[in-house]
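First comes the structure, then the notes that go with it.
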Amino acid sequence: MDGCQSTIPTYEGDLHVVAAAHHIVKALGATKNLSDDLRKILIDLDAHLSMMTLNTDTKGGRGFVDVEERLKQAERKILSWEPDPRMIWDSGPREASEYLEAVDEIQTLLDGLRGLSVHENRKQKELLHRAMSVLQTAMSRLEEELIRILVQHGQQFDPKHMSSRSIQRDVVYDESFVSVEDEPAEETSSRNCSSDEIGEYIVDLVHAGVIPDIKSIAKVMFTSNYGPEFCEAFIGVRREALDQYFAILETEKLCIEDVLKLEWTSMSSKMNKWTWSMKIIVRVYLASEKRLCDQVLGDFGSVSSFCFLEISKATTLCLLNFGEAVAMGPRQPEKLLRLLDMYETLADLLRDIDTLFSEEAGSFVRLQFHELLKRLGDSSTAAFEAFRVAISSNGSLYPFPGGGVHPLNKYVMNYIGMFPEYCNTLNLLLKDQHADVADQDFEPEKGLDLSLSTSCPMACHLRSITSSLESNLHRKSQLYKNEALQHIFLMNNIHYLVQKVKGSELRLFFGDEWIRKHNGKFQQHAKNYERATWSSVISFLKDDNPGSSSFSKSTFKERCKGFSIAFEEVYKTQTSWCIPDPQLREDLRISTSLQVVLAYRTFLGRNSAHIEDKCVKHTVEHVEKLLLDLFKGPPRLSRNSRRW
Amino acid sequence: MNANEYQGSFLGRISIRRNQVVVMDAIHEQELEDIELFQKHVSDRFSELSSPSDDDAILSISWLRKLLDVFLCCEAEFEAILLMDRDPYQLSKPPFDRLIPELLDRAVKALDICNAVTNGVESVRHCQKLAEIAISALDQKPIGDGEVKRAKRALITLMAAINLDDKDGTNAKSTERSWSFGRRSGNKDRVAGQFRSLSWQVAKNWSAAKQIQSTIYNLVAPRGAEASGLPSPIYTMNVIMIFVMWALVAAIPCQERTGLPTHFPVPKQLNWAHSLIGLQEKIADEWKKKEKKGMAGLLDEMQRMEKSAQSLIDFTDSFQFPGDAEKLQEAAGHVAELTEICRIMEQGLTPLQMHIREVFHRIVRSRTEFLDVLEKGSLPVI
C-alpha cells in the first residue's frame, strides 16, 4: 500500500546493516494482519531507514533521486485530479484508494525528510517544500470530497415511521377552561403518548456504505494534521442536516415573544409537537448523530464529542427555548396536562441527555436541560393551582337549565380522570404543596402509609379539588328559586361525581370511605327533593283527623281538586327537569311513585263512596303514567333557553 | 466586580428595614433613599465600565462580561426596591399598571435577544477555529507554499464569515445548493463552514434590529411627581436593559441587524445616566463606521482578528517561496496577535455564553416574581 514496496538501493558497504533492517521492516510490513498502530510504526521506520540511506549519501545528491521520483509520482497522481470535473469518490473505489495511496506516500516522504538530521541541505528543503505544497492540494481536495460524500449520502428518516401511534393519538383533552359553559364535552380522551414508544432507535444518518470512505479521509487528514479542517467541514454539513430535519419534523422555530402570544389551541398543538419532536430528536436523531461521530472520529480521542456538541448545541438550545417560553407563559389551568407531558418527556430524556453530553464541554447543555425540567415542574404546579382556583372561582349568573350535570363538573371530572396516568409525576410535584382545603372526607388511620394510593399527595389534592368543586356546585344550586330543583341539581351532580370516581382509576385515590359518604350525600338530596316536592302534594290526601275513615264529600272534592292542581303544577314544571342518568331517574321515579301512588290509591280507596267522574280528574293508573314523564329534561329545541 | 457583592449588602439592609416597625412616612423616606442609592450605584457601575483598563477594552469579551455583571447587580437591587415589603395592590394601580407590564414586555424581548446573541457566540467560535487553522499553518518553520495556501484558505473563509451579511444567515437555501461545489463552479476558495449560520435563527423573519427598535419605542422618562418616586427606578431599569441588549447586539453577530438604532433618548440631566450616555455615543459611532461592512460586529476581539487576518491574507497573496525575511517577521507578529486573540476567545467565549444564559434565566425569574405580585394585586377580594 505504500513505501514498503519501494527499494532504496545501497551502494556502500557500511550500509548493509541499514539495508538488512530495511528488508526486515518491509517483510513485516507485507504481513496482512497488522494492527493499524503497528503498521504506522513500520511505515515510519521504513521512511526513516530510507532517509538514513540518503543521509549518508548526500554528497552527490544521488540518494534524493529516488525520493524525488516517488514524490513526482504521487504528485502527478494528485495533480492529475485538479482539472478533472469529476469527484474522485464518485469515480470508483480504485480511484479513491489510489488517491489515498498517493497521499500516504507523500506523508511517508514528508516524515522521512523531516526526520533527516541535516537541515541545511538545499535539495532536502526543496523536496520538503514541494511535498508540503502537494499535501495541501490533496487536503483541500479531500475536504471537498468529504463534504460531497456527506451531503450526497446523508439520509433523513421519516419520523412518522417511528411513532405513527403517537400521531394518531393526538386527540387529547384540549378544551379550554373558559369554554366550560359553552359546550360540554362528554367523551374522555386518552393522553397522547406513552413515554417509551419511540424506544431507542438508531438510524444511519449517513449511508452505512460510505462510512469506511469517510473514515479513510478522516484518517489521512488527521495524520497530516488537517484534523481541524476535517472537523469544520464535518460539523458544517451535519449541523445543517440537523437544521433541515427540523423542517421534516415540521417544527417551526419560534421566538419567545411569539410563543407567549399563541392562542390556546395552537399553543396546545405546539406543546404536543414539542413533546413528540423532543423524543425523536434526542432518542433517535441525536443518538444516531452521536454514533456517527463515534464511528467516524472515535479513533481521535475527544474530537468526536467536540464535533457532536458543535453539531447539536444550537438546535438543542432552540428546542429548550420553546420549553422555557411555555413555562413562563400565563398559568392557564388547561395547560396542566400538556405541561405534565412536557415535564415527563423531559424527565424521561434526562438520562439520554446526560449520556449524550457527558463530557465537561457538554455540561452547559446538560445544565440547561435540568434547569428547564425544574421550570416545567414549577409551571405545572402553578397550573395545578390555577386549575383549583378556576374551579372555585367559576361563577354563573343563571341557573343551569333543568338541574342536570353542570359542564364545569363534567370538565373537571373528565380532566382529573386523566390524573392517575400522571400519578408519579404529580406526587413528586405536589408533595410540598399544601392542599389548602381541609380534607374532611379523609381521616387517615394511624401508621399512615404514604405509598397508599388514598394518602399520596395526589389523592389529597384530588379530594381537595372535588371539595372545591362541591362548594362551587352548592353555590350554583342557590341560583334556583325552586328548592326541589336545587336538590335535583345537587343530586345529579354529586351522583355524577361519584360515578366518575367509581368508574375510573380515581376510585383508588378517593377510597371507599369517600365513595360511601358521597353516595349518602346524593341520596340525601334525593330524599330532600321528595320532601320538598311531594309532601305538600300528598298532604291533600292525608286525613287531618285520624279518627275518621273518610272525608266528607265536600272535603273530598276540595282535596281532590287541590291534589290535581298541585300534581299538575309539579307535572308541568318537573317534566322539563333533567336527570341524565337513567338508573338514577328510574330509582327516583319508583320511590316517588311508591309514595304518591300509594297515598293516592289509599285516599281514593277510603273515599270510594264519593267518587264521581267529575271530581276525580286522575285515576291511579293515570297518575302512575304521568309520573313517568317527569325528569325528561328540557325539550331538545329549547335546550339553550334559560328559563329557570 | 462581583454580582453578589452589591446584592448581599443591599439585601442585608433591606431585611433590617423589614424588622423595623415604621410609619408610612418613614417608609416613604426610606424608599426615596433606596431609589437614590440605587441610582448612585447605577452611576458608579457605568462610570467604571466607561473607563476600562487595557485588558478589557470596550466591547471586548471581558468588558461584556462586566456589563452583564452590572446588569445582574442592578436588576437584583431594582427588584428588591420594587418588590420587597411591597403591597401588591400598589403596583396594580396607575401608573404602575402600565409601567410594569411595559417593563415585562421589554423583558420578553430581551430574552429573545439573549438567545440570538447566544447563537451568535457560536459563530464567533467558528471564526476562532478558522483562525486557529491559519495559525497552525503559519507557525511552521520554514513557511512554504503549502502552509501559505492552507492558511490563506482558512483566512478567506474567516473573512467570508466575518463579512457575511446578517441576512445570508437567514436565507434558507436548499442543502444541495449551498453545498454545491466551488471547485466545479470556478470559485476555488469556497470553503466549508461558510453556510453554518443557518442554525443561528431565533425564528423566521426575526430581526435583532427590529427587536431593539421595539424596546425603545414608547420609552419615556418619568416627569413631574413621578420623577422622584418609584417610576424613576423602573425607567432606569428599562434603560439599563435596553442598553445592555443593544450593546450585545452591536458586539456579537446575530440575526438581522440592518437598521439597528444608534441612538435612544436618555435625558442628559439625569445624573445616573452620564456614563451610560457616553458609552452609548462611543458604541454608536463605532457602529456607524462598521455598519455597512458586514456582520462581524463590534466585539473587540473580532475587530482585532479581522485586522490581523486581512494583513495575513495580504501576506499570503504576495508570498513567494522562500519569502522575504522582513515580511516573514511581520507575518509572525500578526500570527502572534491572532494566537493571543484565539487564546482569549478560547478562555472567554464559553463563560460569556453561560453568562448570557444566566442573564436570560434571571430575567425569566424576575418576570415571574413581578407577575406573581401583579396577580396578587389584581385579585378581587373574596
Side-chain angles (χ1 to χ4, degrees), chain A residues 85 87 125 128-137 139-141 143-144 146-148 150-151 154 225-226 228-229 231-237 239-244 247 252-258 260 310 313-315 317-318 321 324-325 327-328 330 361 364 367-368 371 375 378 393, chain B residues 105 108-109 111-112 115-116 118-119 122 125-126 129-130 132-133 136-137 140 142 144-150 153-154 157 172 174-176 178-179 181-184 191-196 198-204 206 211 321-322 350 353-354 357 360-361 364 367-368 371 375 380 382:
Chain A
M87 298 307 286
K125 276 172 125 181
L128 196 61
H129 179 230
R130 203 166 135 192
M132 280 304 284
S133 194
V134 182
L135 186 71
Q136 164 61 25
T137 309
M139 289 299 137
S140 292
R141 179 60 185 241
E143 196 182 316
E144 283 189 39
L146 167 72
I147 291 171
R148 167 69 164 231
L150 284 171
V151 170
N225 283 324
Y226 276 70
E229 275 96 336
C231 291
E232 289 305 292
F234 185 77
I235 291 167
V237 182
R239 192 191 257 199
E240 190 160 320
L242 177 52
D243 219 48
Q244 302 267 324
E252 195 187 341
K253 287 186 179 176
L254 289 170
C255 61
I256 293 177
E257 203 180 3
D258 290 346
L260 292 177
E310 290 294 305
K313 195 176 187 178
T315 307
L317 286 180
C318 174
N321 277 327
E324 292 282 354
M328 61 187 277
F364 177 66
L367 205 72
Q368 298 307 315
E371 188 93 24
R375 194 98 65 210
D378 291 347
S393 63
Chain B
D105 276 354
V108 169
K109 291 181 202 294
L111 291 177
D112 281 324
N115 283 336
T118 309
N119 290 347
E122 292 295 313
R125 203 194 309 277
H126 177 50
K129 294 291 165 205
L130 291 167
E132 280 170 357
I133 292 174
S136 81
Q140 305 293 325
D145 285 339
E147 286 84 1
V148 165
K149 271 195 261 170
R150 184 181 182 190
R153 192 173 150 94
T157 316
S174 79
T175 313
E176 290 304 325
S178 39
W179 293 108
F181 294 89
R183 174 189 292 273
R184 306 304 140 208
V191 194
Q194 204 159 325
F195 298 96
R196 263 215 192 172
L198 244 184
S199 41
W200 274 24
Q201 276 201 18
V202 175
K204 215 174 153 191
W206 189 86
Q211 197 82 352
F321 187 71
T350 304
Q353 210 169 19
M354 290 168 92
R357 199 68 188 165
F360 176 95
H361 287 309
V364 170
R367 181 178 168 277
T368 310
L371 286 176
E375 197 182 0
I382 304 172

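Below, chain A is the first sequence line, B the second, and so on; all start at residue 1. All values below were derived from every heavy atom in this structure, side-chain atoms included, with hydrogens, water molecules and symmetry-related copies excluded.
Heavy-atom distances place no part of E132(B) under 4.5 Å from chain A, backbone and side chain included. There is no contact between Q140(B) and chain A, counting heavy-atom distances below 4.5 Å. For chain A, no part of T350(B) is nearby; none of its heavy atoms comes within less than 4.5 Å. At a 4.5 Å heavy-atom cutoff, the contact between L260(A) and chain B is made by side-chain atoms alone.
Within the 4.5 Å cutoff, the side chain of K204(B) has no heavy atoms near those of the K253(A) side chain. The closest side-chain heavy-atom distance from P228(A) to K129(B) is not below 4.5 Å. Side-chain contact between R153(B) and E143(A): present, with at least one pair of heavy atoms (C-beta onward) separated by less than 4.5 Å. Contact check for D145(B) versus R130(A): no side-chain heavy atoms found under the 4.5 Å cut-off. In this structure the side chain of R357(B) never reaches within 4.5 angstrom of the side chain of E371(A), judged on heavy atoms.
Summarising the geometry, atom CZ belonging to F364(A) is positioned 6.5 Å from atom CE belonging to M354(B); distances are rounded to the nearest 0.5 Å. Taking CG from L135(A) and NZ from K149(B), the interatomic distance works out to 10.0 Å, rounded to the nearest 0.5 Å. Atom-to-atom distance recorded for I256(A):CD1 and F360(B):CZ is 4.0 Å, nearest 0.5 angstrom.
Ranked by heavy-atom pairs shorter than 4.5 Å toward chain B, the options Q368(A), E252(A), Q136(A), K313(A) are led by Q136(A). Of all the listed residues (G154(A), A131(A), A325(A), C255(A)), the one sharing the greatest number of non-hydrogen pairs under 4.5 Å with chain B is C255(A).
Side-chain atoms of D112(B) come within 3.5 Å of backbone N or O of E257(A) as a donor-acceptor pair. In this structure a side-chain-to-backbone donor-acceptor pair under 3.5 Å is present from R367(B) to M328(A).
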Next on the checklist: Set out, in order, the CA-CA distance, both residues' side-chain angles and the distance that settles salt bridge (Lys or Arg N to Asp or Glu O under 4.0 Å) for E122(B) and R239(A), then state yes or no.
Outcome noted: CA-CA 12 Å; E122(B) 292 295 313; R239(A) 192 191 257 199; 3.5 Å; yes

Checklist entry - Stepwise, does the side-chain contact (heavy atoms from CB on, under 4.5 Å) test hold for E229(A) with I133(B)? => result CA-CA 7 Å; E229(A) 275 96 336; I133(B) 292 174; 3.1 Å; yes

Next on the checklist: Apply side-chain contact (heavy atoms from CB on, under 4.5 Å) to residues N115(B) and L317(A) and explain how you reach the verdict.
Outcome noted: CA-CA 9 Å; N115(B) 283 336; L317(A) 286 180; over 6 Å; no

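No side-chain N or O of H126(B) forms a donor-acceptor pair with one of E310(A) less than 3.5 Å apart.
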